[in-house]
Amino acid sequence: MLAQPDSPKPSPPPPPESTELTTTEPPSSTTTTSASVSAATSSDETGNPSPSPDPSQNRPQIPITWPSGGTLTLDWVTNLMSTFDWSSRNLRPSELPTVLPLEAFDGLILTASKILHKEPNCVPIEPDKDAVGASVVVVGDVHGQLHDVLYLLKDSGYPCENRFYVFNGDYVDRGAWGLETFLLLLAWKVFMPHRVFLLRGNHESKYCTSVYGFEKEVLAKYGDNNKGKHVYRKCLGCFEGLPLASIIAGRVYTAHGGVFRNIPATPSKRAKGKKNRKVILSAESVPLSLGSLEELSKARRTVLNPPWEGPNLIPGDVLWSDPSMKPGLSPNNERGIGLLWGPDCTEDFLKKFGLKLIIRSHEGPDAREKRPGLGGMDEGYTIDHVVPSGKLITVFSAPDYPQFQATEERYKNKGAYIVLNSPNFDTPIFHSFEASIPRPKVNPYYDFEDVIDSDEELDLTKMVKSS
């Protein structure tokens with residue numbers, strides 16, 4: 001049965017026409033945004049761009065206030081979206097508190113955190129198979145590219161009674177509007193908690209956000225003081241509550257990185273003379289095999305940085321693992337955390353749990369160009385494994401990624417999202433789209449010239465210090 005709607009059904013624009021795809025061939029056409037933006041022409045003393053006002057945009061009513069009682073409406077959420085769009089084009093980053101004061105931020109982040117922390121590690125999503133037009137939209141990495149997220153939501157249609165959304169993580173870092181992006185998705189979650197599902201990505205961690213821009217972004221916007229640090233801490237606490245995975249209609253497993261290992265129950269024996277001391281074998285020393293959904297449900301996800309050693313390895317596997325064309329399950333030595341799994345493991349996982357699809361994200365064009373045997377991310381998605389029981393798909397929703405590129409030529413990749421329609425929700429329809437460019441001028445919040453591929457820069461020593 002379909003759960004009761006969280007609110008009156010919005011009236012979103014209809015989704016674009018698309019072609020159903022079951023092969024690795026890209027779609028014959030893509031939707032191209034025609035958004036135009038203003039460019040910055042100067043900088044203030046701190047180096048923040050001083051935008052030239054865009055006369056085509058009306059000034060919204062600011063500041064945004066948190067509604068009494070904490071009940072959001074469609075108008076409040078869409079107003080937040082348009083206001084963030086306006087402020088990104090017309091205000092300096094340091095002026096964001098004039099748009100969203102700390103009181104409104106606290107109301108949103110605390111309400112969303114309470115909802116997220118109550119959800120299980122693997123969220124069951126059960127759209128009504130008999131509902132006409134019921135669909136689930138699956139979105140990959142967005143990495144603070146606010147304007148592309150705004151376009152995606154309008155292009156695919158806003159969440160409503162019969163349109164569910166699953167976001168596969170990596171909302172922040174690298175892009176310049178990670179905070180606004182994360183907050184507007186939290187607003188949709190608060191407004192429609194049983195229609196919008198936000199999963200955790202590997203960048204929703206203290207380590208990644210301290211290296212790839214989000215921490216500095218928050219401090220640049222709310223101040224390198226108690227207020228800014230408060231905002232950053234609250235975001236980290238919210239990250240800890242994000243679920244790790246979802247299963248859609250009992251047919252589709254989604255997670256940021258992918259599959260995970262079995263953590264065997266190790267025998268414990270008492271050391272001589274120590275009444276209650278136990279000796280636990282290292283989980284890493286046991287031969288690798290796929291884990292169960294029960295193990296996933298019991299993993300401890302409330303950690304600032306998913307561990308790469310010890311007994312709690314499942315969160316790191318789910319967030320950091322990658323597919324391979326080589327059979328078997330092995331440590332992901334290139335990343336220093338997580339697993340590599342081959343087509344045989346995809347088949348075993350699908351068959352074991354009665355699934356048809358694995359939809360994961362985690363790899364953009366920069367990562368994929370270094371992965372022999374796997375397709376590139378030019379269209380925003382790849383079909384990585386085709387096995388008797390189904391398929392493994394990677395979807396990446398940040399076009400022209402990363403926003404700040406140190407390479408001589410930009411990747412100019414498209415972003416994509418996937419639509420799963422009733423009654424079975426297991427036949428993917430791919431929608432590729434171009435970036436909303438030119439973007440508003442803004443300075444990067446991390447040293448993008450030295451950190452080209454965040455996924456290969458994992459510093460385990462720094463992860464320990466930041467935990």
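Along the sequence shown, residues carry numbers from 1.
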* Can you name the one residue among Val259, Leu290, Ile358 that meets side chain to side chain contact (heavy atoms under 4.5 Å, CB included) with Thr346? -> Ile358

* Examine distances only and state if a side-chain atom of His256 and a backbone atom of Leu199 form a donor-acceptor pair shorter than 3.5 Å. => no

* Please check if the side chain of Asn168 supplies one atom and the backbone of Ala255 the other of a donor-acceptor pair under 3.5 Å. => yes

* Structure fact -> Correct closest heavy-atom pair for Ile247 and Cys122 would be CG1-SG, 3.7 Å

* To do: Mark yes or no for whether His203, through its side chain, and Cys208, through its backbone, hold a donor-acceptor pair below 3.5 Å.
  => no

* Looking only at atom types and distance, does a side-chain atom of Gln403 sit under 3.5 Å from a main-chain N or O of Gln145, one as donor and one as acceptor? -> no

* To do: Would you check if there is a donor-acceptor pair between the side chains of Ser432 and Tyr417 at a distance under 3.5 Å?
  => no

* Short side-chain to backbone donor-acceptor contact, Asp378 and Asn413, under 3.5 Å -> no

* NZ/Lys351: more than 12 non-hydrogen atoms of other groups inside 6.0 Å -> no

* Asked: Quick one: does Arg301's side chain have a donor or acceptor within less than 3.5 Å of a partner on Gly241's backbone?
  -> yes

* **Closest non-hydrogen atom pair between Ala249 and Glu126, with its separation** => CA-OE1, 3.8 Å

* So does Arg360 pair up with Glu363, basic N to acidic O under 4.0 Å? -> yes

* To do: Check whether the ring centres of Phe191 and Trp76 lie less than 6.0 Å apart, and answer yes or no.
  => no

* **Under 3.5 Å side-chain donor-acceptor pair for Thr382 and Arg368** => yes

* Tyr446-Phe214 aromatic ring centre distance below 6.0 Å -> no

* Validation row: Asp173, Thr209 side chains within 4.5 angstrom (heavy atoms) -> yes

* Asked: Under a 4.5 Å cut-off applied to non-hydrogen side-chain atoms, are Phe433 and Leu152 in contact?
  -> yes

* Asked: Counting N and O atoms only, with roles assigned by atom type, does the side chain of Glu180 sit under 3.5 Å from a partner on the main chain of Leu146, one being a donor and the other an acceptor?
  -> no

* Between Asp426 and Lys356, is there a salt bridge with N-O shorter than 4.0 Å? -> no

* Check the pair Trp188 / Tyr158 against ring-ring contact (aromatic ring centres under 6.0 Å, His included), numbers first and verdict last. => CA-CA 9 Å; Trp188 277 109; Tyr158 291 157; 5.4 Å; yes

* For Gly237, does its backbone N or O pair with a side-chain atom of Arg233 as donor and acceptor, under 3.5 Å? -> no

* To do: Assess the side chains of Asp384 and Thr394: does a donor N or O sit below 3.5 Å from an acceptor N or O?
  => yes

* Is it the case that Arg174 and Tyr401 place a side-chain donor and acceptor less than 3.5 Å from each other? -> yes

* **Side-chain H-bond candidate by donor/acceptor type, Asn202 with His362, under 3.5 Å** => yes

* To do: Would you confirm whether Ser321, through its side chain, and Val318, through its main-chain N or O, come within 3.5 Å as a donor-acceptor pair?
  => no

* Is any side-chain heavy atom of Met81 closer than 4.5 Å to a side-chain heavy atom of Leu153? -> yes

* Asked: Is there a donor-acceptor contact under 3.5 Å from the side chain of Thr83 to the main chain of Leu80?
  -> no

* **Ring centroid separation His147 to Trp177 under 6.0 Å** => yes

* Could you tell me whether the side chains of Tyr445 and Glu215 share a donor-acceptor contact shorter than 3.5 Å? => no

* Asked: Is Asp322 salt-bridged to Arg335, cutoff N-O under 4.0 Å?
  -> yes

* Quick one: are the ring centres of Phe353 and Tyr253 less than 6.0 Å apart? -> no

